[in-house]
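The structure under discussion appears below in the form of structure tokens.
For clarity, every value in this text was computed on a predicted model and none was experimentally measured.
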Amino acid sequence: MTVLFWILGVLAVPTLLFVLWLAWVFLKELFNPSPDEDAEETEAAEAAQAAERLGLLPAERQNTDLAAPLPAEWTGVLAAVRGGDWLPAAGLLASIGRDWERRSWAAYLLAECAAEEDAWLLAWEGERRDDPDAAVVRARSTVILAWKLRGGQKAQYTTGEQFDAFHRTLAGAREEVARAAALNPDDPTPYVAEIWVALGLGYPNARMDKLWEEITARAPHHYEAHFAALQYWCAKWRGSERQAREFAGRAAAGAPLGSLLTALPLIAHFEHDDSEDTEADNTPEMLARVEAALADAAAADPSHPRLPELRHLLAFYLHLQDRNEAALEQFKLVDGYVHALPWRYRNDKAGYYCRVRNTVVREVAAQAAPAAA
């Protein structure tokens, strides 16, 4: 037995020495990073400083809830409803009237507040029983609540209880949508909300087509409606890559300049692009899509509530196409707000946005340096 212990002890020495060597290597790398890592950190810090000199904001100062600042009046209305006063909300929707794009956006923002706390909306409904504006906010808030109940995790990480609450609430939302639509037959907004019901409950394609007819009969080039419908047709939900690309292509081809629907082919590409390089982003087709989107953005109403969303996409794809000066111009127009594609799918959307933006700043500076010399 003594001999056996002696043998085991001898064998353990090389193992112990190897473990100690591994620990030494790890600690050396931890406290003394390689020259490449040092250079990358220095380069990133210099790029961040260059961005700040241009007036661009660091990650901690980026708004992660919006794609762009809201009009001051809208901010005041949202503050009022959070304080329990519904009258400013009623006044806002009444003043928007038949501007369907702004109506759907304002209704969504109000509905988000109601999904958190709806005492103010209950008071509005109690005071004005059949007010179509209150009804459309209720419909949208019920849909938003359903998705909150589901949570943002993939299906395999979502519990049965979450799915039950999600489906039950979405089923109730259909009644709210139908009521809002009946109270204001010209308004596409209730049907836009129903797209998210269709996506969640799995409407068959034929039923989605009928819903789409209701929307386009009222607002044929409605940006939010098209964005939501594209999500339905994506492979990750109820369609396929082919269906998503075809839907996006038809919509963009048939839309007037300034409608912003040239964003759709870019979004369809983004949703289905799993490549690790930029080759797919630099095809003649993608180059043409970016050019069309630039023209669309230039022709759009500067106050269009969805224009910043297109600018975020343009900044991203212009960078991937090595058109960094043009990308930087788009970044300057949207900086400070990062709740937009492609950033908002990331957990650290502000950090991701700033890393790409700072890379653009560094590339532009590098291109300018030889010219200055």
Set out, in order, the CA-CA distance, both residues' side-chain angles and the distance that settles side-chain hydrogen bond (donor to acceptor under 3.5 Å, both in side chains) for Thr64 and Arg344, then state yes or no.
CA-CA 8 Å; Thr64 57; Arg344 74 177 178 214; over 6 Å; no
Sequence neighbours excluded, the answer for side-chain hydrogen bond (donor to acceptor under 3.5 Å, both in side chains) partners of Asn324 is His319
Between Trp86 and Trp120, what is the shortest heavy-atom contact and its length?
CB-O, 3.5 Å
Cation over ring face, Arg218 and Trp100, 6.0 Å, 45°:
no
His269 ring center within less than 6.0 Å of Tyr317 ring center:
yes
Looking only at heavy atoms, the pair that brings Ser259 and Asp296 closest together is N-OD1, 3.3 Å
Centroid separation His226 to Trp212 less than 6.0 Å:
yes
Considering the options Tyr337, Trp343, Phe316, Tyr345, which one meets the ring-ring contact (aromatic ring centres under 6.0 Å, His included) requirement together with Tyr353?
Trp343
Among Arg357, Arg61, Arg311, exactly one meets salt bridge (Lys or Arg N to Asp or Glu O under 4.0 Å) together with Asp335. Which residue is that?
Arg357
In short, salt bridge (charged side-chain N to carboxylate O under 4.0 Å, His left out) pairs touching residues 230-258 with sequence neighbours left out are Lys236-Glu271, Glu241-Arg245, Arg242-Glu246
By the salt bridge (charged side-chain N to carboxylate O under 4.0 Å, His left out) test, which pairs, at least two apart or in different chains, include something from residues 187-202?
Arg103-Asp187
Hey, is Arg306 close enough to Glu224 for a salt bridge, meaning N to O under 4.0 Å?
yes
